[in-house]
Number of protein chains: 4
Amino acid sequence: MTSYDHPTPTHGGPPGGTGRALRADARRNRARILQTAEAVFAAKGSAASTEEIAHKAGVGHGTVFRHFPTKEALLQAILEALADRLAEETRALVETGDPATAFFQFFTRMVEQSAEKKTVVDLLADAGIDVTAAKPIHALRQAIEELLANAQRAGTVREDVRVPEAMALIIGVCQASLHTSWGPDLQARTLAVVFDGLRPRHSR
Amino acid sequence: MTSYDHPTPTHGGPPGGTGRALRADARRNRARILQTAEAVFAAKGSAASTEEIAHKAGVGHGTVFRHFPTKEALLQAILEALADRLAEETRALVETGDPATAFFQFFTRMVEQSAEKKTVVDLLADAGIDVTAAKPIHALRQAIEELLANAQRAGTVREDVRVPEAMALIIGVCQASLHTSWGPDLQARTLAVVFDGLRPRHSR
Amino acid sequence: MTSYDHPTPTHGGPPGGTGRALRADARRNRARILQTAEAVFAAKGSAASTEEIAHKAGVGHGTVFRHFPTKEALLQAILEALADRLAEETRALVETGDPATAFFQFFTRMVEQSAEKKTVVDLLADAGIDVTAAKPIHALRQAIEELLANAQRAGTVREDVRVPEAMALIIGVCQASLHTSWGPDLQARTLAVVFDGLRPRHSR
Amino acid sequence: MTSYDHPTPTHGGPPGGTGRALRADARRNRARILQTAEAVFAAKGSAASTEEIAHKAGVGHGTVFRHFPTKEALLQAILEALADRLAEETRALVETGDPATAFFQFFTRMVEQSAEKKTVVDLLADAGIDVTAAKPIHALRQAIEELLANAQRAGTVREDVRVPEAMALIIGVCQASLHTSWGPDLQARTLAVVFDGLRPRHSR
DNA sequence: AATGAATGAGTTTTCATTCAT
DNA sequence: CATGAATGAAAACTCATTCAT
């Protein structure tokens, strides 16, 4: 959520000092647009109109374009904001979690959040962007790499599993969660299979 | 391919004896439209225009709407046709394959075909249709159920795995194959993890 | 005016024969759109909206885009239609006029029509198209070349005058006619100066 | 340049003695906006946005509208400024030039400057303003009248040529210089014809 | 039955103008 | 006074859908 508070990058200066709060409302608008857009795109896919987003955000639709010059830019911004949030969360898990279980916690958490993440994956699909290529994804990827390596060092994930398939499995299960009648039971059972496949043989 | 030849079920009876010749044309048109639409939607996503489909199918724009009253109906019809094809294929595997390996063969085959299936899943996502709700999916689902049951009877899949998570895993890996740089290696390693998770513990 | 009657170039066949008059109204619409657009652009410049043109032509604005995929295409079509008309007129003058005076008649006629030609010149200016490069202008240019050569052979225009300056003078006087309070007197006196400059010295 | 320094005539008196410093800023801003706008409009036509002008002038967007209540007003102001400049230049020629050739020099100079003047003429055309009606044109017109009269008195221009056609010819050749491939040769030959038409018969 | 012309609601984007800070 | 954020009218263009031929 805090990542929505960033002002436009052209205004790097801190708001403190002489109290130049000239664009407090602009910042607020930007944040509201991002928030609204994420929700709307999540609900209706990237085909949702900017007009609807503007309306639901309570601003004129010109204001959306003032903050994000194209629809594509808005999509990218959402992507980055979400990636930032996830990377932050993941990094916290890297630093404070139990290495043996943190990767599995993370995996589960991602799937739980999948309604939100649908946006990301959809946008990635629509934009034709390769997950591995998108810049803001990089931090997230690195955090995942660490979680995986830690789990392997702790002996809870097989040594021969590499990052690409780990990400593929995460993405896959998250996506699957969108296309079936997906209750907590089903989620648990699906993850159980995958987690079992990830564990070393001798550990069972 | 044969599944394209079904006329719309709403036109069950011919209006007269002499009407047959025209009916053949219409049937051919319907088949060509479906075929073309599947290819076009696969290539361009569901945002592709009906006009383009009509053009590539070599029919007038209006003809598409004569056969499918809305674009949505066309999407549904493609879905049904594809589900029919897959069900047929799967059924053949049920009847002629080795029970111990048929389920895994089927799973692999689905992922290999995922480029084609992308269409379906994308369309499902866009249309907000739940896979489990679509009627023609039922036959496919039944065939999968049999494959799974056979494998469990043959001891190559854990007894506690149920159909929903099996389908979720299939869908998930298929979807994952569309994002990330997905080569044969990655596909093999990802399936290895999932298959491993599906096998009974004592079999390893 | 007859140049408006051309059907879309994709339908080369003659309307006769079996009387397949399927698109009589399409042809009519195309002609009306062109006619209306020429008038509107002449009155308001090329900044006039396609919506206004559609409205004044009595068609939906989508129809304008069906016939001319972009506004630019519409401008070009007007240009070509006008060039066609002028070339035809000029050619007639080449064939039936008095070589000694035809060039001057043509020059005068162009200036008289300048209200109409404003469209052309404006469009040329707006589109950044070089007069000499536009294809449909070529026929017109050739006719002008002949008029000039004939006049020079008849001794009413100096031998050292070349086509480029002749065209420059025509364009210039036509344009000037748009920017001043331009009555018949002023037109006559301005042309008198230019015509005098064009005549050989010994002829006066 | 000096003509840019005039404040808007509607603000005749200063509100107080201490207000002078601010006024100087405002004057400078006004001048910079006019200068920038002339350049931008010259380069991009009157479709250029006020935002771009504000940016290039280094002022806020709102400042442009503080000085010129509408875009139209800005166009008018540019026109006046340019007319002032040209009138000044022309007046200098009246006072210091050779009466026999000054008019022709002036004519040539106008055509040479036509790239700059394109702005004006274009704006006039776009705005539908008649040259003869614009007030600041009057001074320029008077100067031209004198140049013409002097040339006629010196015997280098025919007695029967009046100011309107002289201006029409100037405007026409300037405009023509914007269309067609216009090199120094073509300019020279075109002016040669016009100048020849302007000279008395016995002088050749 | 097939065609494709017509339609107009909807989409993205731009920009002059207003107004709060 | 200066600023730039907000606004919404308007523009070009698309496309599913309808309908006359």
Side-chain angles (χ1 to χ4, degrees), chain A residues 8 10-11 20-30 47-52 54 58-72 74, chain B residues 15 19 21-26 29 47-55 59-74, chain C residues 8 11 20-30 47-52 54 58-72 74, chain D residues 15 19 21-23 25-26 29 47-55 59-74:
Chain A
T8 47
T10 54
H11 302 97
R20 190 72 49 80
L22 275 182
R23 318 189 178 67
D25 49 343
R27 240 203 297 259
R28 234 183 337 258
N29 274 342
R30 193 187 134 94
S49 77
T50 54
E51 187 116 28
E52 180 185 353
V59 301
H61 77 280
T63 305
V64 174
F65 284 92
R66 161 170 279 272
H67 287 283
F68 306 96
T70 64
K71 190 185 191 179
E72 181 78 5
L74 177 57
Chain B
L22 290 173
R23 200 60 154 279
D25 274 21
N29 275 344
S49 76
T50 53
E51 185 120 31
E52 180 184 355
I53 290 164
H55 180 71
V59 302
H61 187 188
T63 306
V64 174
F65 283 87
R66 169 167 291 276
H67 287 282
F68 307 96
T70 63
K71 191 185 191 179
E72 181 80 4
L74 176 57
Chain C
T8 47
H11 303 96
R20 189 72 50 80
L22 276 182
R23 319 189 176 67
D25 47 344
R27 240 204 296 259
R28 233 184 337 257
N29 274 342
R30 194 188 133 92
S49 77
T50 53
E51 186 115 28
E52 180 184 355
V59 300
H61 77 279
T63 305
V64 175
F65 284 94
R66 161 170 280 272
H67 287 282
F68 306 96
T70 63
K71 191 185 191 180
E72 181 77 5
L74 177 57
Chain D
L22 291 174
R23 200 59 154 281
D25 273 21
N29 275 345
S49 75
T50 54
E51 185 121 29
E52 180 184 354
I53 290 164
H55 181 71
V59 302
H61 188 189
T63 306
V64 173
F65 282 87
R66 169 166 291 278
H67 286 283
F68 308 95
T70 65
K71 192 185 189 178
E72 182 79 4
L74 176 57

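On a predicted model such as this, the values are computed, not experimentally measured, just so you know.
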Fill in: side-chain hydrogen bond (donor to acceptor under 3.5 Å, both in side chains) partners for A:E52, two or more places apart
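Partners of A:E52 under the side-chain hydrogen bond (donor to acceptor under 3.5 Å, both in side chains) test: A:K44, A:K56.
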Integer-rounded Å distance: [N] [atom2] and [X] [atom1]:
| X | N | atom1 | atom2 | value |
| --- | --- | --- | --- | --- |
| D:F68 | F:dA2 | CZ | P | 12 Å |
| A:D25 | F:dT3 | CG | P | 18 Å |
| C:R27 | F:dT21 | CZ | C1' | 14 Å |

Fill in: Toward the 5' end of DNA chain F, by each residue's nearest nucleotide, D:V64 or A:V59
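Checking each residue's closest nucleotide, the 5'-ward one belongs to D:V64.
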Within the pair [X] and [N], is there a side-chain N or O less than 4.0 Å away from OP1 or OP2?
| X | N | value |
| --- | --- | --- |
| D:T63 | F:dT3 | yes |
| B:H67 | E:dA2 | yes |
| D:R66 | F:dC1 | no |

Fill in: Runs of at least three consecutive pairs that involve DNA chain E, where pairs are Watson-Crick or G-U with distances under 3.5 Å
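Output for stems: E:2-21 with F:2-21.
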Worksheet item: If you find the nucleotide of DNA chain E closest to C:G58 and the one closest to B:N29, which residue's nucleotide is nearer the 5' end?
Response: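 Taking each residue's closest nucleotide, the earlier one in sequence belongs to B:N29.
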Between the protein and nucleotides 11-14 of chain F, list the N/O to N/O atom pairs that are separated by less than 3.5 angstrom.
from	atom 1	to	atom 2	distance (Å)
F:dA12	OP1	C:K71	NZ	2.7
F:dA12	OP2	C:T50	N	3.2
F:dA12	OP2	C:T50	OG1	3.0
F:dC13	OP2	C:K71	N	2.9
F:dC13	N4	C:H61	NE2	2.7

Practice prompt. Could you pull out the closest heavy-atom pair between B:G60 and B:A54, with the gap in Å?
Written response: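 Smallest heavy-atom distance, with atoms named: O-CB, 3.8 Å.
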Fill in: Atom pair CG (B:N29) and NE2 (B:H67), whose distance is rounded to the nearest 0.5 Å
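Going from the CG atom of B:N29 to the NE2 atom of B:H67 covers 5.0 Å.
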Worksheet item: Listed by chain and number, what are the side-chain contact (heavy atoms from CB on, under 4.5 Å) partners of D:T50, not counting sequence neighbours?
Response: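 Result, side-chain contact (heavy atoms from CB on, under 4.5 Å) vs D:T50: D:H61, D:F65, D:K71.
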